[in-house]
Number of protein chains: 2
Amino acid sequence: MNSPLAHRLRSARQVANLTQQQLGIRLGMDPNTASARMNQYEKGKHAPDYQTAKRMADELGVPVAYLYCDDDQLAELICVIAKLKESEKAELLEKLR
Amino acid sequence: MNSPLAHRLRSARQVANLTQQQLGIRLGMDPNTASARMNQYEKGKHAPDYQTAKRMADELGVPVAYLYCDDDQLAELICVIAKLKESEKAELLEKLR
DNA sequence: AACAATACTAAGTATTGCTTAGTATCAAAT
DNA sequence: ATTTGATACTAAGCAATACTTAGTATTGTT
């Protein structure tokens with residue numbers, strides 16, 4: 001089992017309409033290395049540390065847990081639920097248990 | 001921002017009523033190093049690679065995304081939702097959008 | 001075809017995790 | 001109160017992995 005981060009990252013970056021380098025720079029990477037690093041993450045060659053993954057998620061408007069979610073259906077739900085208000089999430093949690 | 005994995009791991013391990021070493025051994029680690037490694041993960045000293053985190057999650061009965069979730073409310077929802085049937089998840093997703 | 005922009009990669013260096021070899025802490029038994 | 005065993009924890013060196021460098025490959029545009 002290899003990390004779902006690569007595919008989720010690519011998908012979210014494309015939705016945001018950014019190049020690999022652009023995204024890397026926005027995350028605070030050196031412009032000279034941003035392209036190579038981001039590509040290595042997207043191709044699954046290397047894995048970013050958590051702090052970097054969190055910044056990616058914030059920049060791309062998805063919950064960081066989404067990047068690590070191996071189940072497509074749950075991944076979708078994570079994105080949708082994250083957009084709810086706190087009270088709505090509390091309500092949903094109540095209803096589910 | 002440091003990784004939520006440490007705290008989520010401890011919490012899930014304690015619910016499962018396992019020692020750090022016991023859990024490490026179940027994940028396939030060398031019994032001589034299982035204790036040290038698991039402790040380093042739980043104290044946030046080091047981060048496991050994804051494959052190890054996935055095995056932890058499977059063994060502890062939580063979705064792997066839960067270990068990386070930085071929002072407590074969303075983390076709870078992830079655990080509860082993961083227990084639903086596929087059809088129920090599909091239904092929930094429909095309703096939310 | 002030529003060019004620019006974007007994506008991608010090998011290999012060396014820098015950084016981080018894993019192993020080793022312990023110490024610290026806590027609970028139970030004597 | 002002390003010993004014992006179980007569990008938790010840690011420093012430091014070694015092994016493995018990520019980051020940087022210096023490019024090549026691909027794609028789209030004129």
Side-chain angles (χ1 to χ4, degrees), chain A residues 1-70, chain B residues 1-70:
Chain A
M1 178 85 206
N2 51 357
S3 173
L5 185 139
H7 289 43
R8 304 246 179 266
L9 172 58
R10 163 150 301 194
S11 155
R13 176 181 64 82
Q14 288 175 337
V15 167
N17 202 37
L18 293 169
T19 67
Q20 295 172 344
Q21 185 181 37
Q22 283 171 340
L23 178 54
I25 290 170
R26 289 200 189 190
L27 304 180
M29 292 176 189
D30 182 329
N32 296 313
T33 71
S35 172
R37 279 182 68 185
M38 291 308 302
N39 188 268
Q40 285 159 353
Y41 298 150
E42 264 190 36
K43 299 282 289 182
K45 175 81 179 188
H46 295 305
D49 62 20
Y50 183 79
Q51 191 177 316
T52 303
K54 171 65 175 152
R55 281 202 299 264
M56 284 177 189
D58 288 349
E59 191 64 40
L60 295 170
V62 295
V64 63
Y66 169 81
L67 297 178
Y68 294 98
C69 187
D70 62 338
Chain B
M1 178 82 206
N2 51 358
S3 173
L5 185 140
H7 289 75
R8 303 244 180 267
L9 172 57
R10 164 151 298 195
S11 154
R13 177 182 63 82
Q14 287 175 338
V15 166
N17 202 37
L18 294 169
T19 67
Q20 295 173 343
Q21 184 181 39
Q22 283 171 339
L23 178 54
I25 290 170
R26 288 199 190 190
L27 304 180
M29 291 176 189
D30 183 330
N32 296 314
T33 70
S35 172
R37 279 183 68 186
M38 292 307 303
N39 187 268
Q40 285 159 354
Y41 298 150
E42 261 189 39
K43 298 283 287 183
K45 175 79 181 188
H46 295 304
D49 62 21
Y50 183 80
Q51 192 179 314
T52 303
K54 170 66 175 151
R55 281 203 299 264
M56 284 176 188
D58 288 350
E59 191 64 41
L60 295 171
V62 296
V64 62
Y66 168 80
L67 297 178
Y68 293 97
C69 187
D70 62 338

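In what follows, every chain begins at residue 1, and chains take the letters A, B, ... in the order their sequences are listed.
- Between A:Ala6 and A:Glu42, the shortest heavy-atom distance links the atoms CB-O, 3.2 Å.
- Heavy-atom neighbours of B:Arg26 CZ from other residues, nucleotides or ligands within 6.0 Å: at or below the threshold of 12.
- Counting only distance, with no hydrogens or angles, the side chain of B:Gln21 and the backbone of B:Pro31 share a donor-acceptor pair below 3.5 Å.
- Distance alone, capped at 3.5 Å, is enough to place a donor-acceptor pair between the B:Tyr50 side chain and the A:Tyr68 backbone.
- Closest approach of B:Gln22 and B:Asn17 over heavy atoms only: OE1-O, 4.3 Å.
- Within residues 18-46 of chain A, the residues approached by DNA chain C to less than 4.0 Å at the level of any non-hydrogen atom are A:Thr19, A:Gln20, A:Ser35, A:Ala36, A:Asn39, A:Gln40, A:Lys43, in residue-number order.
- Map B:Asp49 and B:Arg13 each onto its nearest nucleotide of DNA chain D; the residue landing nearer the 5' end is B:Arg13.
- To the nearest angstrom, P of C:dT15 lies 15 Å from CD of A:Gln51.
- Residues B:Thr52 and B:Met29 share a closest heavy-atom pair of CG2-CE, 4.1 Å.
- Side-chain atoms of B:Arg13 come within 3.5 Å of backbone atoms of B:Leu18 as a donor-acceptor pair (strictly under, hydrogens ignored).
- For the pair A:Arg10 CZ and C:dT6 P, the computed distance is 14 Å after rounding to whole Å.
- Between its opening and closing five pairs, the helix from C:dA1-D:dT30 to C:dT30-D:dA1 changes axis direction by 40°, a value rounded to 10 degrees.
- Closest approach of A:Ala57 and A:Pro63 over heavy atoms only: CB-C, 4.0 Å.
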